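See structure below.
Atoms considered below: every heavy atom in the structure, side chains included; atoms not considered: hydrogens, waters and symmetry mates. Every value quoted in this text rests on a predicted model; they were computed, and no experiment measured them. Every chain is numbered from 1, with letters handed out A, B, ... down the list of sequences.
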Amino acid sequence: MTAPLPPAHFAGNPVEIARNLLGGTLVRQVPDHENRVGIRLTGTIVEVEAYDCPRDPACTAGRFHAARSADMAIPPGTWLFWTAHGHPLLQVACRPEGVSASVLIRAIQPLEGLGQMLTFRPVTRERDLTNGPAKLVYALGLDPARISGRPVNAPELHLLPPPAPLPDEMVEVTARVGIREGRTLPWRFTVRGNPWVSPAAPSMDLALSPAE
DNA sequence: ACTTCGATGCTCT
DNA sequence: GAGCATCGAAGTA
């Protein structure tokens, strides 16, 4: 039984942390007051992205970063939500407090509690349940107001590391999705060939050499 | 108070 | 693959 990743695990480079999160497990415990037994919703992490201010143009560019400058006070290993187009996106703050950087969880493959997830987020095609950053937030029934600011190892929502780091040949490295600046940075990591990876196309071709 | 923007998702062709 | 609804936050006034 592996222990949840502690907040200290996220006090580093979000690019490395994101890469090593692939194959891990996102665990959501839903309190069930009737049975006094928590319902467990879990999924394997199959897609993540890294954001790393201030060297990251996607993060620093224009008002994009300034808009969330308040996030810079958040200590590493804290759950937080980005809002884009009215949808909440789940991420974990990284690096030391005072530096804005994060890992964005973009897709999971459901493991436990698929039926419960479908009640939170009814879909016709099962594969559409959690194959997007906001989709998984809805499918897990996460309330941003309740989760945001909580430590990443909180009982109600935490992460388990992969049994072993995924070998490089299983990891596909591409450009991040849906951004204007920083399109060439190879900071999106997906499990190669996994059908639960989001359908969104990466924003552009990669830089010749990965940035650190 | 009003305007603009976006790390998205959904519903059509 | 294109169009649009969505909503929280910043900037402007």
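- When the P atom of C:dC7 is taken as reference, atom NE2 of A:His85 falls 13 Å away, rounded to whole Å.
- Under the 4.0 Å criterion applied to side-chain N and carboxylate O atoms, A:Glu47 and A:Arg188 are assigned as salt-bridge partners.
- One hydrophobic cluster, built from ILVMFWY side chains closer than 4.5 Å, cannot hold both A:Leu142 and A:Tyr138; they sit in different ones.
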Problem - side chain to side chain contact (heavy atoms under 4.5 Å, CB included) evaluation trace for A:Ile17 with A:Arg19 - result: CA-CA 5 Å; A:Ile17 295 170; A:Arg19 158 67 176 82; over 6 Å; no
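- Where A:Gly86 and A:Lys135 meet DNA chain B, the nucleotide closest to each residue was compared, and A:Gly86 sits on the side nearer the 5' end.
- Rounding to whole angstrom units, CD1 of residue A:Ile179 and P of B:dT8 are separated by 9 Å.
- Following rounding to the nearest Å, A:Leu89 (CG) and C:dT6 (P) show an atom-to-atom distance of 18 Å.
- Using a 4.0 Å cutoff on non-hydrogen atoms, no part of residues 19-27 of chain A comes near DNA chain B.
- DNA chain B is contacted by A:Leu104, A:Arg106, A:Arg121 of residues 103-122 of chain A, taking any non-hydrogen atom closer than 4.0 Å.
- B:dG6 atom P lies 11 Å from atom CZ of A:Arg183, rounded to whole Å.
- Salt-bridge annotation for A:Glu49 and A:Arg176: absent, with no side-chain N of the basic residue lying under 4.0 Å from a carboxylate O of the acidic one.
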Handout entry: Dot-bracket pairing map - DNA chain B, Watson-Crick plus G-U, both contacts under 3.5 Å, | cross-strand
Key = ||||||.|||||.
